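This is a predicted model, so every value here is computed, not measured.
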Amino acid sequence: MRVLVAGGAGYIGSVVTAALLADGHEVTVLDDLSTGHADAVPSGATLAAVSLHESAPVLADVRPEAVLHFAAKSLVGVSQQRPHEYWDTNVGGSLALLEAMRAHHCRRIVFSSTAATYGEPESVPIREDAPTRPTNTYGASKLAVDHMLTSYAVAHGFAAVSLRYFNVAGAAHGLGERHAVETHLIPIALQVAAGERETLTVYGDDYPTPDGTCIRDYVHVEDLADAHLLALPAPAAGEHRIYNLGNGTGFSVQQVVDAAREVTGHPVPVVVGERRAGDPAQLVASSDLIRAELGWAPRHTDLAGIVRDAWDVARAR
Ligand code: UDP
């Protein structure tokens, strides 16, 4: 298939681009390189270095049969301080992309949604029919696009899938996480192990969990790529499906720190700090729906394996 990957120079988009190429698809990456890296775009894909707002001429030129849409701002803290950037890029940019798709008769899309659309869960594991009450602008902006897709499916016959990622981690195809401002737990733990940072601050150890630290669902980026390839042809015209993507097991911050120590063989000194605003005690996905409907099954569910893949790619860099 001829596909356009919006945000294909970022962490997840670049891994999925590599998987699409390996699967025989013809890929154009659209990315304004605001947070992505041109050198992360796998060779074999063509890069159009423009923003979502400028996507119409690219669609006119490429005439894709499907779009995979990863392009977004994704820092929860910044979304609270500078919400206009999140509404402009995540919502305004997505609207521009959908309108360009409509104008150029491309109606198939897989969209990167997030667990942050749910907010504080009433119960875990979280299913797709759980209430969506985001607690930050990032989650609200992603939820707005989910709603947009539902209406485009109904009104314009779009075939759409929203994949709600939980905590994406690991590395594949030599591509891993590389953010100018790193806020995620696993890359930070590995930076401490590598001696690039002195300590890791554990954001609270008084949560109602077995070891007192927060529990998250770490899903391997390669398993995520599998899900995109399965989701791409799945919906019929007029259908918008929503699937959670997690590995099915939660791991605590303390368990991640222990895995980083074990995998790297280096000390990872920690200090216990205050809770981070807006952090729920537990976020674990039920991925039963995508398993049942698309036959997806994560292959890398072992925490140490996920951390090891991230470490190997970070070290190679
Ligand atoms: N966390 C932490 N110290 C850090 C970064 C993260 O204790 O330096 C915790 C955070 O409070 C959360 C978990 O690690 O419970 C995962 O956070 P991350 O930012 O990686 O992902 P999120 O769950 O916020 O999407």
Side-chain angles (χ1 to χ4, degrees), residues 11-12 15-16 76 112-130 139 162-172 176-177 183-190 193 200 202-228 230-231 242-264 268 270 275-276 278-313:
Y11 166 46
I12 302 166
V15 170
V16 176
V76 168
S112 303
S113 187
T114 167
T117 54
Y118 296 110
E120 184 82 43
E122 282 170 2
S123 60
V124 287
I126 302 171
R127 288 159 39 110
E128 289 82 354
D129 55 7
S162 293
L163 296 176
R164 290 190 173 154
Y165 311 156
F166 281 62
N167 290 63
V168 187
E177 265 181 282
T183 63
H184 291 124
L185 178 62
I186 291 177
I188 288 176
L190 295 178
L200 179 144
V202 172
Y203 297 141
D205 67 353
D206 57 352
Y207 283 93
T209 61
D211 65 23
T213 65
C214 285
I215 291 177
R216 293 290 179 273
D217 185 335
Y218 296 90
V219 56
H220 196 291
V221 68
E222 193 162 33
D223 290 326
L224 214 69
D226 288 349
H228 285 78
L230 291 169
I242 297 176
Y243 294 122
N244 289 343
L245 280 180
N247 110 23
T249 314
F251 298 101
S252 71
V253 173
Q254 185 60 52
Q255 285 175 301
V256 170
V257 170
D258 291 342
R261 289 174 176 150
E262 177 199 321
V263 164
T264 65
V268 177
V270 302
R275 290 185 176 194
R276 187 171 67 178
D279 262 345
Q282 282 201 55
L283 285 176
V284 179
S286 161
S287 307
D288 290 351
L289 195 61
I290 189 167
R291 287 172 188 257
E293 292 192 359
L294 301 187
W296 178 74
R299 292 179 283 157
H300 310 276
T301 54
D302 162 53
L303 180 62
I306 293 173
V307 172
R308 184 173 307 108
D309 287 350
W311 175 242
D312 287 347
V313 165

Quick check against the 3.5 Å criterion: does [X] have a side-chain atom that pairs as donor or acceptor with the backbone of [Y]?
X      : Y      : result
Glu128 : Asn244 : yes
Asn247 : Asp217 : no
Tyr11  : Ala169 : yes

Where [X] and [Y] come nearest, the two heavy atoms and their spacing:
X      : Y      : value
Tyr218 : Ile306 : O-CD1, 3.5 Å
Gln282 : Pro121 : O-CG, 3.5 Å
Ala193 : Val268 : CB-CG2, 4.0 Å
Leu200 : Val257 : CD2-CG2, 4.2 Å
Leu190 : Ala260 : CD2-CB, 4.4 Å
Ala304 : Val263 : O-CG2, 3.5 Å

Quick one: side chains of residues 206-214, donor-acceptor pairs under 3.5 Å with protein atoms, not counting sequence neighbours, listed by atom name and distance.
residue : atom : partner : partner atom : Å
Asp206  : OD1  : Arg275  : NE           : 3.0
Thr209  : OG1  : Gly212  : N            : 3.0
Thr209  : OG1  : Thr213  : N            : 3.1
Thr209  : OG1  : Thr213  : O            : 2.7
Asp211  : OD1  : Thr213  : N            : 2.9
Asp211  : OD1  : Thr213  : OG1          : 2.7
Asp211  : OD2  : Ser252  : OG           : 2.6
Thr213  : OG1  : Val253  : N            : 3.3
Thr213  : OG1  : Gln254  : N            : 3.2

**Asked** Going by atom types only, do His220 and Asp309 share a side-chain donor-acceptor pair under 3.5 Å?
**Response** yes
**Message:** For Arg308 and Asp302: C-alpha separation, side-chain torsions, deciding distance, then whether salt bridge (charged side-chain N to carboxylate O under 4.0 Å, His left out) applies.
**Reply:** CA-CA 10 Å; Arg308 184 173 307 108; Asp302 162 53; 5.1 Å; no
Can you tell me how far the [atom1] atom of [X] sits from the [atom2] atom of [Y], to the nearest 0.5 Å?
X      : Y      : atom1 : atom2 : result
Leu224 : Trp296 : CG    : CH2   : 7.5 Å
Asn167 : Phe251 : CG    : CZ    : 11.5 Å
Leu163 : Ile290 : CG    : CD1   : 5.5 Å
Gln255 : Thr249 : CD    : OG1   : 10.0 Å
Tyr203 : Asp279 : OH    : CG    : 9.0 Å
Leu185 : Arg216 : CG    : CZ    : 9.5 Å

**Any side-chain heavy-atom pair of Arg261 and Val270 under 4.5 Å** = yes
**Arg127, CZ: over 12 other non-hydrogen atoms inside 6.0 angstrom** = no
